[in-house]
Amino acid sequence: MAYAVNPNICQGCGVCAKTCPTGAIKVEDGKAIIYQTLCNQCGACVTVCPYGAIFRDLSEIQGPESVKEGYGEGSFIVIRAKKISC
């Protein structure tokens, strides 16, 4: 399992990045990103996120508007919103 940030909820406050003991979380372009190769799975980020934007299991991020994408071998995971045409 991997921790993931839902950028639709994340406000880029950086509390998770300051709390992360391994430096696995960076705020880039106003959103938190968890670098899985550095993450020790402690869960501190989930506990401190004031917006509830970090999830332990990607299956917890639900809804047809979400697409789960992984990049590289364990580098990081991004959740992107699907574009909906009218």
Side-chain angles (χ1 to χ4, degrees):
M1 298 290 175
Y3 286 87
V5 177
N6 185 329
N8 297 321
I9 301 172
C10 178
Q11 300 298 305
C13 68
V15 172
C16 57
K18 292 175 189 166
T19 302
C20 182
T22 62
I25 304 175
K26 308 288 184 216
V27 177
E28 297 176 6
D29 297 325
K31 303 294 177 181
I33 295 176
I34 301 173
Y35 288 86
Q36 299 300 321
T37 54
L38 298 175
C39 180
N40 69 358
Q41 308 293 312
C42 71
C45 54
V46 175
T47 305
V48 300
C49 179
Y51 301 100
I54 303 175
F55 297 84
R56 169 69 173 103
D57 183 351
L58 290 179
S59 66
E60 294 176 15
I61 301 175
Q62 299 174 357
E65 70 283 352
S66 294
V67 175
K68 300 164 185 91
E69 298 181 16
Y71 296 93
E73 287 198 19
S75 54
F76 61 90
I77 296 172
V78 176
I79 310 302
R80 298 186 186 276
K82 281 187 181 177
K83 289 184 180 180
I84 299 173
S85 300
C86 296

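Note that the structure is predicted; figures quoted are calculated from it, not measured.
Smallest separation of non-hydrogen atoms from Tyr3 and Cys42: OH-C, 4.2 Å. Shortest non-hydrogen contact noted between Asn8 and Asn6 is N-OD1, 2.9 Å. Residues Tyr51 and Cys13 come closest through the heavy atom pair CE1-SG, 4.1 Å.
With rounding to the nearest 0.5 Å, the separation of CD1 in Ile9 from CD1 in Ile54 is 10.5 Å.
Remark: the backbone N or O of Pro50 is not paired with any side-chain donor or acceptor of Gln11 at under 3.5 angstrom. A donor-acceptor pair is defined here as one N or O able to donate and one able to accept, closer than 3.5 Å; no such pair exists between the side chain of Glu28 and the backbone of Lys26.
Cys10 pairs by the side chain to side chain contact (heavy atoms under 4.5 Å, CB included) definition with Val5, Lys31, Ala32, Ala53, not counting sequence neighbours.
For Asn40, the CG atom counts as densely surrounded, since its 6.0 Å shell holds more than 12 non-hydrogen atoms of other residues, nucleotides or ligands.
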For residues 15-25, run the donor-acceptor check on the side chains, cut-off 3.5 Å, and write out each pair with its distance to 0.1 Å, sequence neighbours left out.
unit_1 : atom_1 : unit_2 : atom_2 : d
Thr19  : OG1    : Val15  : O      : 2.8
Thr22  : OG1    : Leu38  : O      : 2.8

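In this structure the side chain of Phe55 never reaches within 4.5 angstrom of the side chain of Val46, judged on heavy atoms.
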